[in-house]
Amino acid sequence: MVVVGAGFAGLNATLALCDEPVDIALVDRDNYHGFWPLLYQVATAGLGPDDIAHPVRAIFADRHNVSVRLGTVVGIELDERQVLLDHGEVLDYDYLVVAAGSSTSDFGIPGVSEHAFPLKTLPEAVRLRNHILTAFERADADRAAVPDGLLTVVLAGGGPTGVEMAGAISELIGTNLALDFPHLDVTSARVVLVEATDRLLGGFSPRSQDEALETLRAKGVEVLLGAPLARVTASGVVLADGSEIASHTVVWTAGVRANPLADLLPGEKARNGTVVVTADLSLPGHPEVFAVGDVAAAAGRSGEPLPQLAQVAIQGGRHAARQVAARLAGKPTRPFRYHDHGIMATIGRQSAVAELPGGLKLRGSMGWAAWLAVHLVFLVGFRNRLVVLVNWAWNYLTWDRASRVILEDTSRP
Ligand SMILES: Cc1cc2nc3c(=O)[nH]c(=O)nc-3n(C[C@H](O)[C@H](O)[C@H](O)COP(=O)(O)OP(=O)(O)OC[C@H]3O[C@@H](n4cnc5c(N)ncnc54)[C@H](O)[C@@H]3O)c2cc1C
(Lines give C-alpha, C1' and ligand atoms only; values in the text may rest on other atoms or scores of the structure.)
Protein backbone atom coordinates (compact mmCIF):
# COMPACT_ATOMS: atom_id res chain seq x y z
CA MET A 1 0.00 0.00 0.00
CA VAL A 2 0.99 3.67 -0.33
CA VAL A 3 0.69 6.42 2.28
CA VAL A 4 1.08 9.97 0.98
CA GLY A 5 2.40 12.34 3.66
CA ALA A 6 4.43 11.65 6.81
CA GLY A 7 2.63 14.30 8.87
CA PHE A 8 0.40 13.59 11.85
CA ALA A 9 -2.10 11.51 9.84
CA GLY A 10 0.24 9.60 7.52
CA LEU A 11 2.80 8.86 10.22
CA ASN A 12 0.18 7.44 12.55
CA ALA A 13 -1.48 5.44 9.77
CA THR A 14 1.90 3.88 8.91
CA LEU A 15 2.83 3.19 12.54
CA ALA A 16 -0.52 1.51 13.10
CA LEU A 17 0.02 -0.78 10.08
CA CYS A 18 3.65 -1.71 10.75
CA ASP A 19 2.74 -5.03 12.33
CA GLU A 20 0.21 -6.00 9.67
CA PRO A 21 1.09 -8.22 6.71
CA VAL A 22 1.45 -5.27 4.30
CA ASP A 23 4.28 -3.60 2.45
CA ILE A 24 3.97 0.16 2.86
CA ALA A 25 5.55 2.89 0.75
CA LEU A 26 5.46 6.10 2.79
CA VAL A 27 6.01 9.15 0.56
CA ASP A 28 6.79 12.69 1.64
CA ARG A 29 8.23 15.70 -0.16
CA ASP A 30 10.41 16.31 2.91
CA ASN A 31 12.62 13.78 4.67
CA TYR A 32 11.22 14.73 8.07
CA HIS A 33 8.04 14.72 10.10
CA GLY A 34 7.31 18.30 11.22
CA PHE A 35 5.60 19.24 14.47
CA TRP A 36 3.69 22.33 13.30
CA PRO A 37 2.18 23.41 16.65
CA LEU A 38 5.70 24.57 17.62
CA LEU A 39 6.50 26.17 14.25
CA TYR A 40 5.88 29.67 15.61
CA GLN A 41 8.67 29.08 18.16
CA VAL A 42 11.12 28.54 15.30
CA ALA A 43 9.91 31.77 13.66
CA THR A 44 10.42 33.63 16.94
CA ALA A 45 13.87 32.21 17.77
CA GLY A 46 12.70 30.06 20.69
CA LEU A 47 13.63 26.77 19.02
CA GLY A 48 15.85 25.68 16.14
CA PRO A 49 14.31 24.11 13.01
CA ASP A 50 15.52 20.59 13.67
CA ASP A 51 14.22 20.67 17.25
CA ILE A 52 10.70 20.22 15.89
CA ALA A 53 11.48 17.90 12.97
CA HIS A 54 12.37 14.22 12.96
CA PRO A 55 13.80 12.23 10.03
CA VAL A 56 11.13 9.85 8.73
CA ARG A 57 13.65 7.14 7.90
CA ALA A 58 14.83 7.10 11.52
CA ILE A 59 11.29 6.42 12.72
CA PHE A 60 10.96 3.33 10.51
CA ALA A 61 14.60 2.16 10.49
CA ASP A 62 13.75 -1.21 12.03
CA ARG A 63 10.50 -1.71 10.11
CA HIS A 64 11.35 -3.83 7.11
CA ASN A 65 7.89 -3.61 5.58
CA VAL A 66 8.04 0.22 5.39
CA SER A 67 9.83 1.81 2.44
CA VAL A 68 10.31 5.56 2.87
CA ARG A 69 10.23 7.49 -0.43
CA LEU A 70 11.39 11.11 -0.70
CA GLY A 71 9.40 12.81 -3.45
CA THR A 72 6.46 15.02 -4.27
CA VAL A 73 3.32 13.26 -5.41
CA VAL A 74 2.20 14.86 -8.66
CA GLY A 75 -0.40 12.37 -9.84
CA ILE A 76 -2.84 9.78 -8.53
CA GLU A 77 -4.26 7.31 -11.08
CA LEU A 78 -7.22 5.72 -9.34
CA ASP A 79 -8.06 3.33 -12.21
CA GLU A 80 -4.49 2.02 -12.52
CA ARG A 81 -4.01 2.24 -8.74
CA GLN A 82 -0.78 4.15 -9.10
CA VAL A 83 0.84 7.15 -7.43
CA LEU A 84 3.22 9.26 -9.53
CA LEU A 85 6.18 11.09 -8.02
CA ASP A 86 7.88 14.19 -9.39
CA HIS A 87 11.13 12.38 -10.16
CA GLY A 88 9.31 9.85 -12.32
CA GLU A 89 8.91 7.01 -9.84
CA VAL A 90 5.58 5.18 -10.00
CA LEU A 91 4.22 3.39 -6.94
CA ASP A 92 1.53 0.71 -7.28
CA TYR A 93 -0.97 0.21 -4.50
CA ASP A 94 -3.80 -2.00 -3.32
CA TYR A 95 -4.70 0.53 -0.64
CA LEU A 96 -3.93 4.23 -0.63
CA VAL A 97 -3.99 6.69 2.28
CA VAL A 98 -3.87 10.33 1.20
CA ALA A 99 -2.61 12.42 4.13
CA ALA A 100 -1.03 15.40 2.38
CA GLY A 101 -2.24 18.05 4.84
CA SER A 102 -3.18 21.60 3.93
CA SER A 103 -1.63 24.63 2.27
CA THR A 104 -1.90 28.37 2.73
CA SER A 105 -4.93 30.12 1.28
CA ASP A 106 -4.89 33.87 0.69
CA PHE A 107 -8.72 34.05 0.71
CA GLY A 108 -8.39 36.05 -2.49
CA ILE A 109 -7.05 39.08 -0.62
CA PRO A 110 -4.81 41.06 -3.00
CA GLY A 111 -1.13 41.12 -2.10
CA VAL A 112 -1.13 38.30 0.46
CA SER A 113 0.73 35.83 -1.78
CA GLU A 114 3.21 38.46 -2.96
CA HIS A 115 3.98 40.37 0.23
CA ALA A 116 2.93 38.42 3.33
CA PHE A 117 4.91 35.73 5.11
CA PRO A 118 3.06 32.40 5.37
CA LEU A 119 3.79 30.08 8.28
CA LYS A 120 3.13 26.50 7.25
CA THR A 121 6.55 24.95 6.72
CA LEU A 122 9.99 24.91 8.36
CA PRO A 123 11.67 26.90 5.55
CA GLU A 124 8.90 29.53 5.91
CA ALA A 125 9.49 29.76 9.68
CA VAL A 126 13.25 30.16 9.19
CA ARG A 127 12.67 32.76 6.47
CA LEU A 128 10.42 34.74 8.81
CA ARG A 129 12.96 34.56 11.65
CA ASN A 130 15.71 35.74 9.28
CA HIS A 131 13.52 38.59 8.14
CA ILE A 132 12.60 39.81 11.65
CA LEU A 133 16.19 39.65 12.88
CA THR A 134 17.49 41.33 9.72
CA ALA A 135 14.95 44.14 10.12
CA PHE A 136 16.42 44.94 13.54
CA GLU A 137 19.95 44.88 12.08
CA ARG A 138 18.85 47.31 9.36
CA ALA A 139 17.08 49.57 11.84
CA ASP A 140 20.22 49.66 13.96
CA ALA A 141 22.16 50.83 10.91
CA ASP A 142 19.50 53.27 9.67
CA ARG A 143 17.19 54.54 12.43
CA ALA A 144 15.39 56.80 9.97
CA ALA A 145 13.71 53.70 8.46
CA VAL A 146 11.89 52.78 11.70
CA PRO A 147 8.87 55.08 11.16
CA ASP A 148 8.37 53.40 7.74
CA GLY A 149 7.30 50.22 9.52
CA LEU A 150 10.68 48.49 9.53
CA LEU A 151 10.09 47.36 13.12
CA THR A 152 6.35 46.82 12.82
CA VAL A 153 5.12 43.23 12.65
CA VAL A 154 1.51 42.81 11.53
CA LEU A 155 -0.05 39.41 12.23
CA ALA A 156 -3.09 38.74 10.10
CA GLY A 157 -5.46 36.32 11.82
CA GLY A 158 -6.41 36.05 15.48
CA GLY A 159 -6.54 32.23 15.63
CA PRO A 160 -4.16 30.18 17.79
CA THR A 161 -1.15 30.72 15.49
CA GLY A 162 -1.65 34.50 15.33
CA VAL A 163 -2.12 34.73 19.10
CA GLU A 164 0.89 32.52 19.83
CA MET A 165 3.06 34.44 17.36
CA ALA A 166 1.98 37.78 18.80
CA GLY A 167 2.86 36.79 22.37
CA ALA A 168 6.20 35.26 21.36
CA ILE A 169 7.32 38.16 19.13
CA SER A 170 6.50 40.74 21.77
CA GLU A 171 8.59 38.73 24.26
CA LEU A 172 11.45 38.35 21.78
CA ILE A 173 11.52 42.09 21.15
CA GLY A 174 11.01 43.16 24.75
CA THR A 175 13.74 40.92 26.18
CA ASN A 176 16.42 39.64 23.81
CA LEU A 177 16.31 42.21 21.04
CA ALA A 178 16.20 45.06 23.56
CA LEU A 179 19.50 43.72 24.96
CA ASP A 180 21.00 42.86 21.57
CA PHE A 181 20.38 46.39 20.25
CA PRO A 182 21.17 48.72 23.17
CA HIS A 183 21.37 51.78 20.88
CA LEU A 184 18.04 51.11 19.24
CA ASP A 185 14.81 52.29 20.83
CA VAL A 186 12.97 48.96 20.66
CA THR A 187 9.92 50.51 22.30
CA SER A 188 9.26 51.98 18.85
CA ALA A 189 8.75 48.42 17.55
CA ARG A 190 5.08 47.49 17.13
CA VAL A 191 3.32 44.14 17.12
CA VAL A 192 -0.17 44.48 15.64
CA LEU A 193 -2.64 41.59 15.57
CA VAL A 194 -5.42 42.14 13.04
CA GLU A 195 -8.54 39.96 13.24
CA ALA A 196 -11.56 40.20 10.92
CA THR A 197 -14.14 39.05 13.49
CA ASP A 198 -14.80 40.69 16.84
CA ARG A 199 -13.07 37.90 18.82
CA LEU A 200 -9.67 36.26 19.11
CA LEU A 201 -9.38 32.46 19.24
CA GLY A 202 -12.62 31.53 17.46
CA GLY A 203 -13.80 28.15 18.79
CA PHE A 204 -12.67 28.90 22.37
CA SER A 205 -15.00 30.02 25.15
CA PRO A 206 -15.60 33.79 25.60
CA ARG A 207 -13.62 33.69 28.86
CA SER A 208 -10.54 32.23 27.16
CA GLN A 209 -10.94 34.73 24.33
CA ASP A 210 -11.05 37.60 26.81
CA GLU A 211 -8.03 36.24 28.63
CA ALA A 212 -6.05 36.08 25.38
CA LEU A 213 -7.03 39.65 24.52
CA GLU A 214 -6.13 41.04 27.95
CA THR A 215 -2.82 39.16 28.12
CA LEU A 216 -1.73 40.28 24.67
CA ARG A 217 -2.66 43.89 25.34
CA ALA A 218 -0.75 43.75 28.63
CA LYS A 219 2.29 42.62 26.64
CA GLY A 220 1.97 45.69 24.44
CA VAL A 221 0.44 43.93 21.43
CA GLU A 222 -2.00 46.17 19.55
CA VAL A 223 -5.05 43.99 18.89
CA LEU A 224 -7.47 45.23 16.23
CA LEU A 225 -10.77 43.32 16.23
CA GLY A 226 -13.42 43.58 13.52
CA ALA A 227 -10.66 44.72 11.20
CA PRO A 228 -10.64 42.70 7.97
CA LEU A 229 -7.65 43.12 5.67
CA ALA A 230 -8.43 44.74 2.32
CA ARG A 231 -4.96 44.21 0.85
CA VAL A 232 -1.30 43.76 1.61
CA THR A 233 1.25 45.92 -0.16
CA ALA A 234 5.04 46.11 -0.27
CA SER A 235 4.89 48.76 2.44
CA GLY A 236 2.21 47.41 4.79
CA VAL A 237 -1.48 46.57 5.04
CA VAL A 238 -4.68 48.38 4.17
CA LEU A 239 -7.71 47.52 6.29
CA ALA A 240 -11.29 47.37 5.02
CA ASP A 241 -12.06 50.76 6.62
CA GLY A 242 -9.27 52.30 4.52
CA SER A 243 -6.79 52.75 7.36
CA GLU A 244 -3.18 51.76 6.69
CA ILE A 245 -0.44 50.28 8.82
CA ALA A 246 3.11 50.63 7.56
CA SER A 247 4.94 47.34 8.01
CA HIS A 248 7.82 45.46 6.45
CA THR A 249 6.67 42.22 8.07
CA VAL A 250 3.13 41.00 7.49
CA VAL A 251 2.57 37.44 8.71
CA TRP A 252 -0.38 35.60 7.23
CA THR A 253 -1.80 33.08 9.70
CA ALA A 254 -5.43 33.43 8.67
CA GLY A 255 -6.19 30.94 5.94
CA VAL A 256 -5.65 27.32 5.05
CA ARG A 257 -7.13 25.12 2.38
CA ALA A 258 -6.66 21.48 1.48
CA ASN A 259 -3.39 20.47 -0.12
CA PRO A 260 -3.69 20.72 -3.94
CA LEU A 261 -3.55 16.90 -4.12
CA ALA A 262 -7.21 17.00 -3.05
CA ASP A 263 -8.01 18.36 -6.51
CA LEU A 264 -6.63 15.15 -8.04
CA LEU A 265 -9.26 13.10 -6.26
CA PRO A 266 -12.78 12.81 -7.71
CA GLY A 267 -15.97 13.64 -5.84
CA GLU A 268 -17.39 16.42 -3.73
CA LYS A 269 -15.15 19.00 -2.05
CA ALA A 270 -16.00 21.05 1.02
CA ARG A 271 -15.66 24.85 1.12
CA ASN A 272 -11.92 24.89 1.83
CA GLY A 273 -11.21 22.33 -0.88
CA THR A 274 -11.12 19.34 1.48
CA VAL A 275 -12.17 15.92 0.19
CA VAL A 276 -15.59 14.80 1.38
CA VAL A 277 -15.15 11.25 2.67
CA THR A 278 -17.56 8.51 3.74
CA ALA A 279 -18.13 7.56 7.39
CA ASP A 280 -15.14 5.18 7.42
CA LEU A 281 -12.92 7.94 5.86
CA SER A 282 -12.69 6.25 2.45
CA LEU A 283 -13.36 8.01 -0.82
CA PRO A 284 -16.93 7.57 -2.14
CA GLY A 285 -16.82 4.85 -4.82
CA HIS A 286 -13.22 3.95 -3.93
CA PRO A 287 -13.19 1.83 -0.76
CA GLU A 288 -9.45 1.20 -1.29
CA VAL A 289 -8.60 4.93 -0.96
CA PHE A 290 -8.69 6.84 2.34
CA ALA A 291 -8.26 10.59 2.85
CA VAL A 292 -7.33 11.69 6.37
CA GLY A 293 -6.16 14.72 8.32
CA ASP A 294 -6.23 18.27 6.99
CA VAL A 295 -6.85 17.14 3.41
CA ALA A 296 -10.19 15.55 4.32
CA ALA A 297 -13.60 16.86 5.33
CA ALA A 298 -14.43 14.28 7.98
CA ALA A 299 -17.56 14.57 10.10
CA GLY A 300 -17.99 14.29 13.85
CA ARG A 301 -20.67 12.28 15.69
CA SER A 302 -23.48 14.71 14.91
CA GLY A 303 -22.32 15.32 11.37
CA GLU A 304 -20.45 18.52 12.27
CA PRO A 305 -17.30 19.18 10.21
CA LEU A 306 -14.17 18.32 12.19
CA PRO A 307 -11.52 21.04 12.50
CA GLN A 308 -8.05 20.88 10.95
CA LEU A 309 -6.25 19.86 14.13
CA ALA A 310 -3.43 17.47 14.97
CA GLN A 311 -5.70 15.18 17.02
CA VAL A 312 -8.19 14.83 14.17
CA ALA A 313 -5.29 13.87 11.88
CA ILE A 314 -3.70 11.44 14.36
CA GLN A 315 -6.97 9.67 15.10
CA GLY A 316 -8.01 9.72 11.43
CA GLY A 317 -4.70 8.16 10.35
CA ARG A 318 -5.00 5.40 12.94
CA HIS A 319 -8.62 4.79 11.96
CA ALA A 320 -7.77 4.45 8.25
CA ALA A 321 -5.03 1.95 9.17
CA ARG A 322 -7.50 -0.13 11.20
CA GLN A 323 -9.94 -0.16 8.28
CA VAL A 324 -7.24 -1.41 5.91
CA ALA A 325 -6.39 -4.15 8.42
CA ALA A 326 -10.10 -5.01 8.72
CA ARG A 327 -10.47 -5.30 4.96
CA LEU A 328 -7.37 -7.49 4.74
CA ALA A 329 -8.94 -9.75 7.37
CA GLY A 330 -12.21 -9.85 5.40
CA LYS A 331 -14.07 -7.84 8.06
CA PRO A 332 -16.39 -4.86 7.53
CA THR A 333 -15.14 -1.33 8.15
CA ARG A 334 -16.38 0.94 10.93
CA PRO A 335 -17.31 4.61 10.98
CA PHE A 336 -14.75 7.09 12.34
CA ARG A 337 -15.50 8.31 15.87
CA TYR A 338 -13.49 11.37 16.87
CA HIS A 339 -12.57 11.68 20.55
CA ASP A 340 -12.22 15.33 21.43
CA HIS A 341 -9.13 15.88 23.61
CA GLY A 342 -9.74 19.61 23.87
CA ILE A 343 -8.04 22.70 22.47
CA MET A 344 -5.29 24.91 23.78
CA ALA A 345 -3.23 27.95 22.85
CA THR A 346 -0.34 29.65 24.59
CA ILE A 347 -0.29 33.43 24.83
CA GLY A 348 3.27 33.72 26.10
CA ARG A 349 5.37 33.05 29.15
CA GLN A 350 3.29 31.42 31.92
CA SER A 351 0.10 32.08 30.06
CA ALA A 352 -2.11 29.76 28.04
CA VAL A 353 -5.72 28.76 27.70
CA ALA A 354 -6.66 25.08 27.66
CA GLU A 355 -10.21 23.80 27.27
CA LEU A 356 -10.34 20.12 28.06
CA PRO A 357 -13.14 17.53 27.74
CA GLY A 358 -15.69 17.61 30.56
CA GLY A 359 -15.73 21.39 30.65
CA LEU A 360 -12.37 21.69 32.45
CA LYS A 361 -10.78 25.02 31.57
CA LEU A 362 -7.25 25.99 32.57
CA ARG A 363 -5.76 29.45 32.31
CA GLY A 364 -2.58 31.29 33.24
CA SER A 365 0.29 29.17 34.55
CA MET A 366 -1.88 26.04 34.92
CA GLY A 367 -2.90 26.30 31.27
CA TRP A 368 0.72 26.95 30.34
CA ALA A 369 1.93 23.85 32.23
CA ALA A 370 -0.72 21.74 30.48
CA TRP A 371 0.28 23.22 27.13
CA LEU A 372 3.98 22.46 27.72
CA ALA A 373 3.27 18.88 28.82
CA VAL A 374 0.96 18.05 25.91
CA HIS A 375 3.36 19.44 23.32
CA LEU A 376 6.30 17.54 24.79
CA VAL A 377 4.34 14.28 24.85
CA PHE A 378 3.26 14.52 21.23
CA LEU A 379 6.60 15.68 19.86
CA VAL A 380 8.17 12.78 17.94
CA GLY A 381 11.62 11.56 19.02
CA PHE A 382 13.32 11.37 22.41
CA ARG A 383 16.14 13.70 21.35
CA ASN A 384 13.66 16.32 20.15
CA ARG A 385 11.75 16.15 23.44
CA LEU A 386 14.94 16.50 25.44
CA VAL A 387 16.27 19.40 23.36
CA VAL A 388 12.94 21.24 23.48
CA LEU A 389 12.67 20.68 27.24
CA VAL A 390 16.20 22.02 27.79
CA ASN A 391 15.48 25.00 25.51
CA TRP A 392 12.29 25.83 27.37
CA ALA A 393 13.97 25.48 30.76
CA TRP A 394 16.82 27.72 29.57
CA ASN A 395 14.37 30.27 28.23
CA TYR A 396 12.30 30.15 31.42
CA LEU A 397 15.30 30.71 33.69
CA THR A 398 17.21 33.22 31.59
CA TRP A 399 14.55 34.80 29.31
CA ASP A 400 16.91 33.90 26.47
CA ARG A 401 15.35 32.91 23.12
CA ALA A 402 18.60 31.38 22.04
CA SER A 403 18.06 30.63 18.33
CA ARG A 404 18.65 34.22 17.19
CA VAL A 405 20.72 33.27 14.16
CA ILE A 406 20.14 34.58 10.66
CA LEU A 407 20.41 31.48 8.48
CA GLU A 408 20.89 33.03 5.07
CA ASP A 409 23.63 32.42 2.57
CA THR A 410 25.50 35.70 2.65
CA SER A 411 28.64 34.29 0.99
CA ARG A 412 28.10 36.21 -2.22
CA PRO A 413 31.15 36.59 -4.48
C1 LIG B 1 1.74 27.01 12.41
C2 LIG B 1 0.75 25.93 12.75
C3 LIG B 1 0.36 25.76 14.07
C4 LIG B 1 -0.54 24.76 14.40
N5 LIG B 1 -0.88 24.60 15.73
C6 LIG B 1 -1.72 23.60 16.06
C7 LIG B 1 -2.02 23.35 17.43
O8 LIG B 1 -1.55 24.06 18.33
N9 LIG B 1 -2.83 22.29 17.72
C10 LIG B 1 -3.37 21.49 16.74
O11 LIG B 1 -4.08 20.54 17.06
N12 LIG B 1 -3.10 21.70 15.46
C13 LIG B 1 -2.29 22.72 15.09
N14 LIG B 1 -2.00 22.93 13.77
C15 LIG B 1 -2.69 22.12 12.78
C16 LIG B 1 -2.03 20.75 12.65
O17 LIG B 1 -0.64 20.90 12.52
C18 LIG B 1 -2.63 20.04 11.45
O19 LIG B 1 -4.00 19.87 11.67
C20 LIG B 1 -1.96 18.70 11.24
O21 LIG B 1 -0.61 18.87 10.92
C22 LIG B 1 -2.64 17.92 10.12
O23 LIG B 1 -1.98 16.72 9.93
P24 LIG B 1 -1.84 16.13 8.46
O25 LIG B 1 -1.11 14.84 8.61
O26 LIG B 1 -3.15 16.14 7.78
O27 LIG B 1 -0.95 17.20 7.70
P28 LIG B 1 0.58 17.56 7.96
O29 LIG B 1 0.98 17.29 9.36
O30 LIG B 1 0.76 18.93 7.45
O31 LIG B 1 1.35 16.54 7.04
C32 LIG B 1 1.23 16.54 5.64
C33 LIG B 1 2.48 15.91 5.05
O34 LIG B 1 2.28 15.72 3.66
C35 LIG B 1 3.45 16.10 2.97
N36 LIG B 1 3.05 16.48 1.62
C37 LIG B 1 2.25 17.49 1.25
N38 LIG B 1 2.07 17.49 -0.06
C39 LIG B 1 2.78 16.46 -0.56
C40 LIG B 1 2.99 15.93 -1.86
N41 LIG B 1 2.42 16.46 -2.95
N42 LIG B 1 3.82 14.87 -2.00
C43 LIG B 1 4.40 14.31 -0.92
N44 LIG B 1 4.23 14.74 0.33
C45 LIG B 1 3.42 15.81 0.52
C46 LIG B 1 4.01 17.26 3.79
O47 LIG B 1 5.38 17.46 3.57
C48 LIG B 1 3.69 16.82 5.22
O49 LIG B 1 4.76 16.09 5.78
C50 LIG B 1 -1.09 23.92 13.40
C51 LIG B 1 -0.70 24.08 12.08
C52 LIG B 1 0.22 25.07 11.75
C53 LIG B 1 0.65 25.22 10.32
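Computed from heavy atoms alone, side chains included, the values below leave out hydrogens, waters and symmetry copies. When a ligand or atom number is given, it counts from 1 through the structure's own listing order.
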What donor-acceptor contacts under 3.5 angstrom involve side-chain atoms of residues 28-37, with partners at least two apart or in another chain?
from: Asp28; atom 1: OD1; to: Asp30; atom 2: N; distance (Å): 2.9
from: Asp28; atom 1: OD2; to: Ala6; atom 2: N; distance (Å): 2.6
from: His33; atom 1: ND1; to: Ala6; atom 2: O; distance (Å): 2.8

Protein contact to atom 19 (O) of ligand 1 [nearest heavy atom, distance to 0.1 Å]: Asp294 OD1, 2.8 Å
Residue pair Arg349, Glu171: steps toward the salt bridge (charged side-chain N to carboxylate O under 4.0 Å, His left out) verdict: CA-CA 8 Å; Arg349 193 183 174 83; Glu171 286 174 5; over 6 Å; no
Minimum side-chain heavy-atom gap Lys120-Val256 below 4.5 Å: yes
Identity and separation of the nearest protein heavy atom to atom 34 (O) of ligand 1: Gly5 CA, 3.4 Å
Option set Val74, Val42, Asp28, criterion heavy-atom distance to atom 46 (C) of ligand 1, minimum: Asp28
Protein heavy atom under 4.0 Å of atom 14 (N) of ligand 1: no
Audit row: Asp400, Trp394, side chain to side chain donor-acceptor pair (under 3.5 Å) steps and yes/no: CA-CA 7 Å; Asp400 184 22; Trp394 177 259; 3.0 Å; yes
Within-shell test, Ala99 vs ligand 1, heavy atom, strictly < 4.0 Å: yes
Carboxylate-amine/guanidinium proximity below 4.0 Å for Arg404 and Asp180: yes
Numbering as shown, the atoms of ligand 1 that approach Gly293 to under 4.0 Å (heavy-atom distance): 26 (O)
Glu114 atom CD: more than 12 heavy-atom contacts under 6.0 Å: yes
Heavy-atom gap Ala125 to ligand 1 smaller than 4.0 Å: no
Beyond-backbone contact of His339 with Pro357, side-chain heavy atoms, under 4.5 angstrom: no
Best match, Gln308, Arg29, Arg69, Gln311: closest heavy atom to atom 44 (N) of ligand 1: Arg29
Residue Arg231 excluded, over 12 heavy atoms near CZ under 6.0 Å: no
Atom 23 (O) of ligand 1 [closest protein heavy-atom partner, distance rounded to 0.1 Å]: Ala313 CB, 3.3 Å
For atom 31 (O) of ligand 1, closest protein heavy-atom neighbour: Gly7 CA, 3.2 Å
Pairing of Asp280 and Arg327 as salt bridge, 4.0 angstrom limit: yes
Enumerated ligand 1 atoms positioned under 4.0 Å from heavy atoms of Lys120: 53 (C)
Contact partition for Thr161 relative to ligand 1, non-hydrogen atoms under 4.0 Å: side chain
Option of least heavy-atom distance to atom 30 (O) of ligand 1 (set: Trp36, Tyr40, Trp371): Trp36
Closest approach of any protein heavy atom to atom 38 (N) of ligand 1, naming residue and atom: Asn259 ND2, 2.9 Å
Atoms of ligand 1, numbered as shown, that sit under 4.0 Å from any heavy atom of Asp30: 47 (O)
Per-residue contact class, Val73 against ligand 1 - non-hydrogen pairs under 4.0 Å: both
Geometric class of the Phe136/Phe181 ring pair [parallel <30°, tilted 30-60°, perpendicular >60°]: tilted
Sub-3.5 Å N/O-N/O distance, Ser102 and ligand 1: no
Residues Ile76, Val98; criterion side-chain contact (heavy atoms from CB on, under 4.5 Å); working and verdict: CA-CA 10 Å; Ile76 297 173; Val98 180; 4.2 Å; yes
Closest protein heavy atom (residue, atom, distance) for atom 1 (C) of ligand 1: Leu119 O, 3.5 Å
Ligand-side contact atoms (ligand 1) for residue partner Gly71, heavy atom cut-off under 4.0 Å: 42 (N), 43 (C)
No-hydrogen, no-angle side-chain donor-acceptor test under 3.5 Å, Gln350 and Tyr396: yes
N/O separation below 3.5 Å, Leu39 to ligand 1: no
Distance-only donor-acceptor check, side chains Ser113 and Asp106, under 3.5 Å: yes
Which of the ligand 1 atoms, numbered from 1, are nearer than 4.0 Å to a heavy atom of Leu261: 41 (N)
Contact (N/O only, under 3.5 Å) between Ala310 and ligand 1: yes
Asn176-Arg401 side chain donor-acceptor pair, cut-off 3.5 Å: no
Protein residue, atom and distance nearest to atom 21 (O) of ligand 1, heavy-atom basis: Phe8 CD1, 3.1 Å
Trp371/Trp392 aromatic ring centres below 6.0 Å: yes
Option nearest atom 4 (C) of ligand 1 (shortest heavy-atom distance, choices Gly101, Pro37, Ala13, Pro260): Pro37
Identity and distance of the protein heavy atom lying nearest atom 25 (O) of ligand 1: Ala9 N, 2.8 Å
